[in-house]
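A quick write-up on the structure given underneath.
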Amino acid sequence: MRFQLLGPLSLHDGPESVVLQPAKPTVLLTALLLHANSVVSADYLQRAIWGEEQPATAKAALQTCVLRLRRLFTKHGVTETPIEAVPGGYRITAGPHTLDLIGFRERVRRAAALSHDPHAELAALRDALALWQGPLLANVRSDLLHRDEVPRLAEERLRAVERLGDLHLRLGRCGEALGDLWEVTRAHPGHERFHEQLVEALYRSGRQAEALAEYRRVKEYLLQELGVDPGSALQRLELAILRGDDLGAAEPAARPGGGQVPVPAAPVAAPKTPELVTALTAVPDFAGRADEVAALTAHLTADTAHRPGGPLTVVLSGAPGIGKSALARHVATRLADRFPGGRLLVRMTGPDGLPYDPGTVAGQLTRALEARPPGSGTLLVLDDAVDADQVRPLLAACSGGAVVVTSRRGLAGLVATHGGRVVRLGPFRPAESHALLRAVLGAERVDAEPDEARRIAESCGHHPLALRIMAARLQTRPGLRLADSAGWLAAGQAGRLALTDAPGLSVPEVLGEALGRLEPPLADAFLEVAALGPACATDEAATALGLCEADTEQLLDRLADAGFLEEGPPGPYRTLPLLRAWAGGARRPPGGPAAHPQPADTARAGRCPHCRTGRKPTPAPHEGPRPALPQAHRTGGAPREHPPDAAGPPSARRRECEDTA
């Protein structure tokens, strides 16, 4: 007997199947199967069945549902998947042969292990996707499950379909890919990668006009529905088609009488996956954070060897450039003796700001951990995670040891479900800033101009990113006095600090990329709030943004969670000095204000982008509109590059932004 979740919930016994009727036991069974082999709390089951407004007898009614479900199992001869009552809730036991969801995930993992053989990987993915049979949980009446669980399952399928398309293109099977791609692009019109695959498959099949027509269709959709241009990958593909570039031919066509027509093929090489899991290295010239180092050390060494279940977890959060990664690596280096399994750095985000696929990261991490001595504790640093969903699969892969997660977000949802400590970093204390300058520039140079060193630290807002950039500039200019640099910074230059040969050490690059991860209305709101001064109350921000106070508070909380604001209700929200200095430059280009386009839907309706009050935003008290910011993907918050329009390529746009600071 086998359960099917990937479609309407049903029971299968060989060729016979029974689709369960919409009822409370059906909801109960679905909730248990979605978390098979884990304890599901009674509270969660009650909310899945009755929602937030539960009857007074919900606890007793849940027990009745369990009895009815067990009778249903007996009726249909289900013996291999028992329902167990355990402390706190219930658990159902299932495996890949009794539950299609587990079977799907196992086949996807098997396919990922075959990446060296694209033909075998493609066949394995086909096998996995064949388990999906229609609309998810169409016969399950549960708002909670359809809100929280169905989107996650659908995303797992889309990742597999996307990989399948990549393999088809890599192998030159463009015609075979077209059927799936036509279907998936119509079902998910906002998923740009599917459109990119379809356009490429059409072009490589010799259907250039259809390929360009499909590009124009998706461009019109994105502009009308979301107010954004196609992403850089789609735009580059359009240019390649217009130039007639050779992207590789499709597979040879079959002869009518057998055999194949010889067509020269030049398949596109598969993109090489970067090494995401590496040995951790020490941080040079680390200074300050003594209290944080002590707290992290104490928590990460708190009896990790005997802790059951998942790893000890610490989340390091805070503003961009505040020193989260440096602190995590420094503490991990100090704890080499406590973790015989080693210390590994896991990169969660690429240089372009796009998050790496959790499945890809988990695959590399699993292989790295398998190479460790059995039973040895390992310390992982998951660097620059974008959200809790990206982290959870990696915690599941770690049965022991400890994990430090660095993220600009607070990841409260992760802590709520998996436990752990949260350390939110702020700017350096003045003594810590002074210690960093002495560590990099040398005690003699700093002690010769102590007041100017203090002025530099204050002008940098005691922000580690700005301080390291300024110290590096001074280090390469040994004849420059600290007083000269202090005077230059006093003119408001901290927001444009950068090292020309190191993009990662640039205030405009780091903060611009971080802002680009936010949805455009949220990014715009930050620039407005930053213009209000070091601190602002909710009512003051509401006036500037043209929103009601309730929606303003929600928006400000999201900015605080993303690391762009500090603190919040009941007190005021604060903007860190460095972020305020950078935001001021980004809002006021020289030569007059530039127009700032609103999202298309907001502009047409003339409505507030954050609430449904119908009020138009009132002008903020500053010198005209701000320039357009990098757009962000509407799903996932990942940044989108500027389109190569008349304003120039992304690098030129970034330089222009820096020049206006």
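Here the side chains of Asp557 and Tyr573 are in contact, with some heavy-atom distance below 4.5 Å. Annotation: side chain of Thr543 is not in contact with side chain of Glu549 (no heavy-atom distance under 4.5 Å). Contact of the Val277 side chain with the Arg367 side chain is not registered, since no non-hydrogen atoms from C-beta on lie closer than 4.5 Å. A heavy-atom distance below 4.5 Å is found between the side chains of Val331 and Leu327. Two residues are said to be in side-chain contact when any heavy atoms from C-beta on lie closer than 4.5 Å; Pro520 and Val228 fail this criterion. For the pair Leu480/Ser485, a side-chain contact is recorded, criterion being any heavy-atom separation below 4.5 Å from C-beta on. Side chains of His462 and Glu432 form no contact here, defined as non-hydrogen atoms less than 4.5 Å apart. At least one side-chain heavy atom of Leu465 sits under 4.5 Å from a side-chain heavy atom of Leu505.
Rounding to the nearest 0.5 Å gives a distance of 8.5 Å between CG of Leu515 and CG of Leu559. Leu276 CG to Leu344 CG: the interatomic distance, rounded to the nearest 0.5 Å, is 12.5 Å. Rounding to the nearest 0.5 Å places CG of Asp387 at 10.0 Å from CZ of Arg517. Of the inter-residue distances, the one linking Asp383 atom CG with Leu345 atom CG reads 5.5 Å to the nearest 0.5 angstrom. Atom-to-atom distance recorded for Leu474:CG and Met470:CE is 4.0 Å, nearest 0.5 angstrom. Taken from CG in Asp451 to CZ in Arg454, the straight-line distance is 5.5 Å, to the nearest 0.5 Å.
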From CA spacing to verdict: side-chain contact (heavy atoms from CB on, under 4.5 Å), Arg580, Leu532: CA-CA 9 Å; Arg580 197 167 65 252; Leu532 299 178; over 6 Å; no

Apply the test salt bridge (Lys or Arg N to Asp or Glu O under 4.0 Å) to residues Arg455 and Glu458: give CA-CA distance (whole Å), side-chain angles for both, the deciding distance (0.1 Å), then the verdict. CA-CA 5 Å; Arg455 286 180 57 200; Glu458 290 176 351; over 6 Å; no

Are Ile322 and Leu576 close enough, and set up right, to give a side-chain contact (heavy atoms from CB on, under 4.5 Å), and what steps lead you there? CA-CA 10 Å; Ile322 206 69; Leu576 296 183; 4.1 Å; yes

Show your working on side-chain contact (heavy atoms from CB on, under 4.5 Å) between Leu414 and Leu395 and close with a plain yes or no. CA-CA 10 Å; Leu414 179 72; Leu395 296 183; 3.8 Å; yes

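Shown here for Trp582 and Gly495, the closest heavy-atom pair between the two residues is CD1-O, 3.4 Å. When all heavy atoms of Ala583 and Leu527 are compared, the closest pair comes out as CB-CD2, 3.7 Å. Asp561 approaches Gly410 most closely through the heavy-atom pair OD1-N, 3.1 Å.
Ion pair Arg408/Glu513 flagged as a salt bridge, since at least one NZ, NE, NH1 or NH2 atom sits closer than 4.0 Å to an Asp/Glu carboxylate oxygen. Ion pairing between a basic and an acidic side chain is recognised when a charged N comes within 4.0 Å of a carboxylate O; Arg152 and Glu156 show no such pairing.
Not one N or O on the side chain of Glu528 forms a donor-acceptor pair closer than 3.5 Å with the backbone of Ala544. Looking only at distances, a side-chain donor or acceptor of Lys324 sits under 3.5 Å from a matching main-chain atom of Ala319. In this structure, the side chain of Gln390 engages the main chain of Val386 through a donor-acceptor pair within 3.5 Å. Without hydrogens or angle criteria, Glu192 side chain to Gly231 main chain gives a donor-acceptor distance under 3.5 Å. A donor-acceptor pair is defined here as one N or O able to donate and one able to accept, closer than 3.5 Å; no such pair exists between the side chain of Thr552 and the backbone of Thr538.
With 3.5 Å as the limit, one finds no donor-acceptor pair spanning the side chains of Thr297 and Arg338. A donor-acceptor pair shorter than 3.5 Å cannot be found between the side chains of Asp384 and Thr406.
Residue pairs meeting the side-chain hydrogen bond (donor to acceptor under 3.5 Å, both in side chains) criterion with at least one partner in residues 467-479, sequence neighbours excluded, are absent. For the salt bridge (Lys or Arg N to Asp or Glu O under 4.0 Å) condition, the pairs that include at least one residue of residues 287-298, sequence neighbours left out, are Asp291-Arg429.
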